[in-house]
Amino acid sequence: MATVLGTVRLVWAAIKGAARLTLSTIKGAFRLTLSTIKGAFQLTLSTIKGAVRLALSTLKGAVLLALAAIKGAVIAGYYTVTGSIRLAYYTVVGAFRLAKASVIGTFKLIRATIRLNIRIMKATLRRFRFHYVIFLNLYHAPYLILKLKYWAAHPDRYSETQRFMLAKRVIFYLSRTGHIKTIALGRKDLPKEGGYVMFPNHQGKYDALAIMRTMPSTCTVVMDEKKSHTILTSQFLDAIGGKRLEIDNPRQTVKLFNEVAQEIREGRRYIIFPEGGYENENGNELGVFKPGSFKAAIKAKAPIVPVALIDSYRAFNSAFFGPVTVFVHYLKPILYEEYKSLRTPEIAALVQGRIEERIRAASSKEVKRMLRKAQSEGA
């Protein structure tokens, strides 16, 4: 009995333990299922949330990208339009400037061509006036040329005064046919005795002739050797005993100035142009006086006579037609005692300054006064 009772108890305990185990297993399985369902639900929610966020971010990025693209397109369109407008503007401006430069260049070319033609015409007219005067004296020319040449070749038969008067006769013919009136002022200031050197400004071919035309006594001239061999000029220069200066030959220049200085000491009067030459259109403007041209006067210790020539260029070196009046103003001589302490550049500046002052003073009223004075002197 006790055994059966123990067995029953034992079976009951086993059944009870198995029931408890089954309940625990079912409870654990239920809890595991609930946890799994909860985790799956949370995972699903997280996935959905992430997908929504990703979609929103993607949409936002797409919208921003689209906006940026639209903005870029607008800006690109703006700059394209602006660039096109600017390109069109600068193209028009450039074309206008090119056209303007072309027109201005064309006008400048036309103006330069006209000026060149005017200069050529003036030069032709200047030569024409001189040649016209020579032409009017053709019937005198052969006789005078032969006579000048013969008298120059026989200085023992014909004195310096006779040859100088013959030269003045030639000048008279040229002045008469060229309607050239030469008025001299200040002749009373010229040294009465001994040799001296006249230093005039240089304007043209008539300069030396104007001085010789008005000189009360004989004189001669130093001339550029290159210009001294034309017909009539050569015979004229030989007749008055003039000197030919080779400007590019220093040795010949020194020798010639020594000869001139010696002749000045012996009483001859010389004309030396300190500018060395002249421009066809310099008018009454002076060039630079060369200091070396005063060497002969310094060596001879002779008086220097500045001579202001006014309008001498109009006689043979201008396109002016009609009567011409040339003024020769002999200024007060500069004695050797006044310039012996000066250097040659200072002497050149002194002479040039006095001549320039005289020419500047020759206003219209002054010219009239000079005319009246000249007439009163019997010029």
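Because only heavy atoms are used, hydrogens play no part in the values below, and waters and symmetry mates are left out as well, while side chains stay in. All residue numbers refer to positions in the sequence shown, counting from 1.
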A.B. asks: Quick one: are V324 and Y206 in side-chain contact, heavy atoms under 4.5 Å?
C.D. replies: no
A.B. asks: Determine whether E275 and N201 satisfy the following criterion, side chain to side chain donor-acceptor pair (under 3.5 Å), listing intermediate values before the conclusion.
C.D. replies: CA-CA 7 Å; E275 292 166 276; N201 54 310; 5.5 Å; no
A.B. asks: If we ignore hydrogens and angles and just use 3.5 Å, is the side chain of R269 paired with the main-chain N or O of M198 as donor and acceptor?
C.D. replies: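 Checking the backbone N and O of M198 against the side chain of R269, no donor-acceptor pair under 3.5 Å is found.
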A.B. asks: For the NZ atom on K301, are there more than 12 heavy atoms of other groups (residues, nucleotides or ligands in this structure) within a distance under 6.0 Å?
C.D. replies: no
A.B. asks: Could E259 and K243 be called an ion pair, given the rule that one side-chain N must be under 4.0 Å from one carboxylate O?
C.D. replies: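 Answer for the salt bridge query: yes.
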A.B. asks: Is the closest basic N to carboxylate O distance between E246 and K226 below 4.0 Å?
C.D. replies: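 No.
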A.B. asks: Assess the pair H154 and Y158: is the distance between their ring centroids shorter than 6.0 Å?
C.D. replies: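 No, the ring of H154 stays outside the 6.0 Å limit from the ring of Y158, centre to centre.
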A.B. asks: Is the shortest heavy-atom distance from the side chain of F316 to the side chain of L209 under 4.5 Å?
C.D. replies: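 Touching, per the 4.5 Å side-chain cut-off.
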A.B. asks: Taking atom CG of L45 and atom CG of L43, what is their separation to the nearest 0.5 Å?
C.D. replies: 9.0 Å
A.B. asks: Give a yes or no on whether E357 atom CD has more than 12 heavy-atom contacts from other residues, nucleotides or ligands under 6.0 Å away.
C.D. replies: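 Counting other residues, nucleotides and ligands, CD of E357 stays at 12 neighbours or fewer.
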A.B. asks: Please determine which of R244, K147, K149 meets the salt bridge (charged side-chain N to carboxylate O under 4.0 Å, His left out) test together with D238.
C.D. replies: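 Considering R244, K147, K149, a salt bridge (charged side-chain N to carboxylate O under 4.0 Å, His left out) with D238 is found only for R244.
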A.B. asks: Is any side-chain heavy atom of Y173 closer than 4.5 Å to one of T177?
C.D. replies: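 No, side chains not in contact.
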A.B. asks: Near R343 CZ, under 6.0 Å, is it more than 12 heavy atoms from other residues, nucleotides or ligands?
C.D. replies: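 Count not over threshold, so no.
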